[in-house]
Number of protein chains: 2
Amino acid sequence: MGEREIIAIFVQMAQALGAPRSLGEIYGLLYATPQPLAFQDIVDRLDMSKGSVSQGLRFLRSVGAIKPVSRAGDRREFFEPVLELRQLVAGFLRERLNPQIKEWGVRARALRPDDFSFGALAADDRETVSKRLTKLKTWQKRAGTVLPVVSKLLG
Amino acid sequence: MGEREIIAIFVQMAQALGAPRSLGEIYGLLYATPQPLAFQDIVDRLDMSKGSVSQGLRFLRSVGAIKPVSRAGDRREFFEPVLELRQLVAGFLRERLNPQIKEWGVRARALRPDDFSFGALAADDRETVSKRLTKLKTWQKRAGTVLPVVSKLLG
DNA sequence: GATTTAGTTCATTTTGAATTGAACTCGACG
DNA sequence: CGTCGAGTTCAATTCAAAATGAACTAAATC
């Protein structure tokens, strides 16, 4: 049965991106299964705790990696994977990386070259520090510009 | 002294990318220091074990984030940060993500739709599985294409 | 309005990655 | 040669992130 192997691939992907393996397992299971699955199905088939599945589903939904579907006459929510790579990446960048980049910006802009003048700092050293601080701020801006482009590229 | 704050920013960046904080500390210290530093300087100033510094420097060198410089009449190696974002990102993608993507490709291409025919799998379910496997392989290819473009964009 | 089913929350536990540190290598220098 | 300084290696330890599971809420069902 190839299902386990698909799941293993997504676990590996998750880990390469620094995400918990449980996310890879859940998304992988949904990906390998033609029909949408309900919460309890996932718990059973992955033999994972309800807590992990609950949190995993919440995250996957928040980045738009899965979408909930309803079935008439069944009050459970079912889930199916979003298959578009573009959406996955865009969601990941939006939820995970962008907030971080914004925060780097705030912290970087708060840095003042004067703060580095402990003891005797030669003029050209001051100059170097100053340039590097500027560069750091430039990075932050550029990262913010590039990310949206990347997710377009993948779409 | 702003040095600690610069280091903190790089630690945060490292962690956002799923890298160990020690990498952020080492790179951050080099970034905040106008003059190149030697191995033992780093150990002392960060109060970090020789083991961590050794491994950290090796990794940073391997991705091209720092470069060694020699000083006449001193057998120690000194290190200074590479300031070009493009090189950092390119190195990171090359060393970290590309090998992973290659491996996903190998594993994805090994998947056969037939492996999923456990029990009764309806014709349209087979169809769905088949399409998804194809899509997975497409992803892998596309990721391999996009990464080089990204690092160009940043250069 | 009691009970069952579906899912959430969060304090505790587990686990695996990061870090340490002691033993080691390698070359320089007396 | 001996030993000193610079750096590496890797088994053991630490620690933070992830997973668990028991207690909980909310909504449907009888």
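Letters A, B, ... mirror the listed sequences (proteins, then strands); counts begin at 1.
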### Query
How do Val53(B) and Gly51(A) order along DNA chain C: which one's closest nucleotide is nearer the 5' end?
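Of the two residues, Gly51(A) wins.
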### Query
Given that Ser52(A) and Gln15(A) both sit by DNA chain C, which one's nearest nucleotide is further toward the 5' end?
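Per heavy-atom nearest nucleotide, the more 5' residue is Ser52(A).
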[X] side chain near [N] phosphate (N/O to OP1/OP2, under 4.0 Å):
{"X": "Arg21(A)", "N": "dA19(D)", "value": "no"}
{"X": "Ser22(A)", "N": "dA18(D)", "value": "no"}
{"X": "Ser49(A)", "N": "dG21(D)", "value": "no"}
{"X": "Ser54(B)", "N": "dT8(D)", "value": "yes"}
{"X": "Arg58(B)", "N": "dG7(D)", "value": "no"}

### Query
When all nucleic acid strands are considered with a 4.0 Å heavy-atom cut-off, which category describes Gln55(A): base, sugar-phosphate, or nothing?
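Since a base atom lies under 4.0 Å of Gln55(A), the category is base.
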In whole angstrom, give the distance that lies between atom [atom1] of [X] and atom [atom2] of [N].
{"X": "Phe39(A)", "N": "dT4(C)", "atom1": "CZ", "atom2": "C1'", "value": "16 Å"}
{"X": "Asp74(A)", "N": "dA27(D)", "atom1": "CG", "atom2": "C1'", "value": "14 Å"}
{"X": "Leu23(A)", "N": "dA17(D)", "atom1": "CG", "atom2": "P", "value": "15 Å"}
{"X": "Glu77(B)", "N": "dA28(C)", "atom1": "CD", "atom2": "P", "value": "13 Å"}
{"X": "Gln40(A)", "N": "dG7(C)", "atom1": "CD", "atom2": "P", "value": "8 Å"}
{"X": "Phe78(B)", "N": "dG5(D)", "atom1": "CZ", "atom2": "P", "value": "16 Å"}
{"X": "Leu60(A)", "N": "dG7(C)", "atom1": "CG", "atom2": "P", "value": "15 Å"}
{"X": "Lys50(B)", "N": "dC26(C)", "atom1": "NZ", "atom2": "P", "value": "16 Å"}

### Of Met48(A) and Arg76(B), the one whose closest DNA chain D nucleotide lies more 5'
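It is Arg76(B), whose closest nucleotide lies nearer the 5' terminus.
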Taking [X] for the side chain and [Y] for the main chain, is one N or O donor matched with an acceptor at less than 3.5 Å?
{"X": "Ser54(A)", "Y": "Lys50(A)", "value": "no"}
{"X": "Ser62(B)", "Y": "Phe59(B)", "value": "yes"}
{"X": "Tyr31(B)", "Y": "Pro81(B)", "value": "no"}

### Query
Would you call the rings of Tyr27(B) and Phe10(B) parallel, tilted or perpendicular, where under 30° means parallel and over 60° means perpendicular?
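Correct class here is perpendicular.
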### Any donor-acceptor N/O pair under 3.5 Å between dT5(C) base and Arg75(A) side chain
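Indeed there is one.
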### Message
Does any part of the side chain of Gln140(A), heavy atoms only, come nearer than 4.5 Å to the side chain of Arg109(A), both counted from C-beta?
### Response
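Arg109(A) reaches Gln140(A) side chain to side chain.
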